[in-house]
Amino acid sequence: MRQFISSVYPDKKGMLELCGKDFRYLKQVLRLCAGDMLYVRLPDGKLSGTTVAKIDESKKTVFLQVCDCVPEVLKDGGENQSDYRPETDFYLFQFVAKGPKMDLIVRQAAECGVLKVVPVTGKFTQPCGAEKNLRNSRYERIVKEARQQSGSPVATEISETLSLEEACALWKKVAGEKPEESFACVLYERSERTKNLYEALADLNVIKKCAVFCGAEGGISPEEIDFLLENGIVPVHFETNILRCETAALYGTACLQNAVTGRKLWQKK
């Protein structure tokens with residue numbers, strides 16, 4: 001379901017007034033006309049149905065009238081999409097890749113509903129990786145576009161770039177007081193000292209927070225794998241081809257999400 005991410009709330013009359021880049025997106029990309037319906041994700045995460053009340057070409061402004069509720073057709077499994085929140089938060093710790101690849105990784109993570117993307121520096125990251133700041137307007141735009149296209153209810157965030165030591169410390173902080181309800185793995189192209197993903201998840205009953213560490217071009221060094229192991233990050237090996245880093249990030253995230261979601265569905269039966 002396509003949606004529009006709004007940075008502002010409607011006024012007292014339930015009217016959203018959008019101009020600038022938002023006007024160009026709504027008018028030129030979505031090609032909206034007066035009377036069209038559009039679902040809008042408000043700053044608080046609520047999904048609202050709106051109608052295009054007016055398009056003022058001279059002022060380059062679109063006026064959206066908020067409806068009272070989201071239609072019943074958006075209900076999935078008895079739960080309204082306007083109130084939907086994933087039961088598990090997913091994190092992607094991505095060793096910094098080259099610019100275009102990092103763009104794609106961030107975009108796909110947002111489409112998949114990853115809560116936070118954490119850029120990490122390591123042995124095989126680019127020399128400029130330590131200074132690379134992904135917390136800027138360009139990456140915010142990439143995330144916004146991905147969420148609007150995919151309809152993701154998750155407000156994907158991008159962390160500041162961290163060292164591997166800082167990234168592990170952040171994950172321990174995220175896991176908090178209930179590490180038994182958290183799981184983190186690192187994708188490793190070698191098979192030694194690794195586990196199958198389902199084997200790694202077998203002893204966990206409740207999983208509230210999940211993370212996947214993914215290497216950049218060149219992968220992850222054996223020394224870095226040792227450090228991750230010492231910090232409770234499980235090396236996971238997929239019986240598949242060696243993937244590009246941008247493919248591995250998407251593949252690993254999707255496999256982890258599917259494994260966790262599948263476990264929940266199976267446990268309910």
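Atom set for the values below is all heavy atoms of this structure, side chains included, hydrogens, waters and symmetry mates excluded.
The backbone N or O of S191 lies less than 3.5 Å from a partner atom in the side chain of T194, making a donor-acceptor pair. One N or O on the side chain of Q65 and one on the backbone of G14 form a donor-acceptor pair closer than 3.5 Å. Distance alone, capped at 3.5 Å, is enough to place a donor-acceptor pair between the Q3 side chain and the R147 backbone. With hydrogens and angles disregarded, a donor-acceptor distance shorter than 3.5 Å links the side chain of T50 to the backbone of L38.
The pair E145-R107 meets the salt-bridge criterion, with a side-chain N (NZ, NE, NH1 or NH2) lying under 4.0 Å from an Asp/Glu carboxylate O. Ion pairing between a basic and an acidic side chain is recognised when a charged N comes within 4.0 Å of a carboxylate O; D103 and R138 show such pairing.
When the side chains of ILVMFWY residues are joined at heavy-atom separations under 4.5 Å, either directly or via intervening members, F93 and L115 end up in a single hydrophobic cluster. Under the 4.5 Å side-chain heavy-atom criterion for ILVMFWY residues, a single connected hydrophobic cluster contains both Y91 and I233. In the hydrophobic cluster analysis, where Ile, Leu, Val, Met, Phe, Trp and Tyr join through side-chain heavy atoms closer than 4.5 angstrom, M102 is grouped together with I142.
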Identify every side-chain donor-acceptor pair in residues 166-186 under 3.5 Å, counting partners at least two apart or on other chains, and give the distances.
unit_1 : atom_1 : unit_2 : atom_2 : d
E166   : OE1    : S163   : N      : 2.9
E166   : OE1    : S163   : OG     : 3.3
K172   : NZ     : N231   : OD1    : 3.0

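Shown here are the salt bridge (Lys or Arg N to Asp or Glu O under 4.0 Å) partners of E57, two or more places apart in sequence or in another chain: K27.
A ring pair (Phe, Tyr, Trp, His ring centres under 6.0 Å) check over residues 216-260, counting only residues at least two apart or in different chains, returns the pairs F238-Y251.
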Point to revise | Pair K144-D22, salt bridge (Lys or Arg N to Asp or Glu O under 4.0 Å): steps then yes or no | key: CA-CA 11 Å; K144 181 178 179 179; D22 290 339; 3.1 Å; yes
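Between S221 and E224, the side chains place a donor N or O and an acceptor N or O closer than 3.5 Å (distance only, hydrogens not considered).
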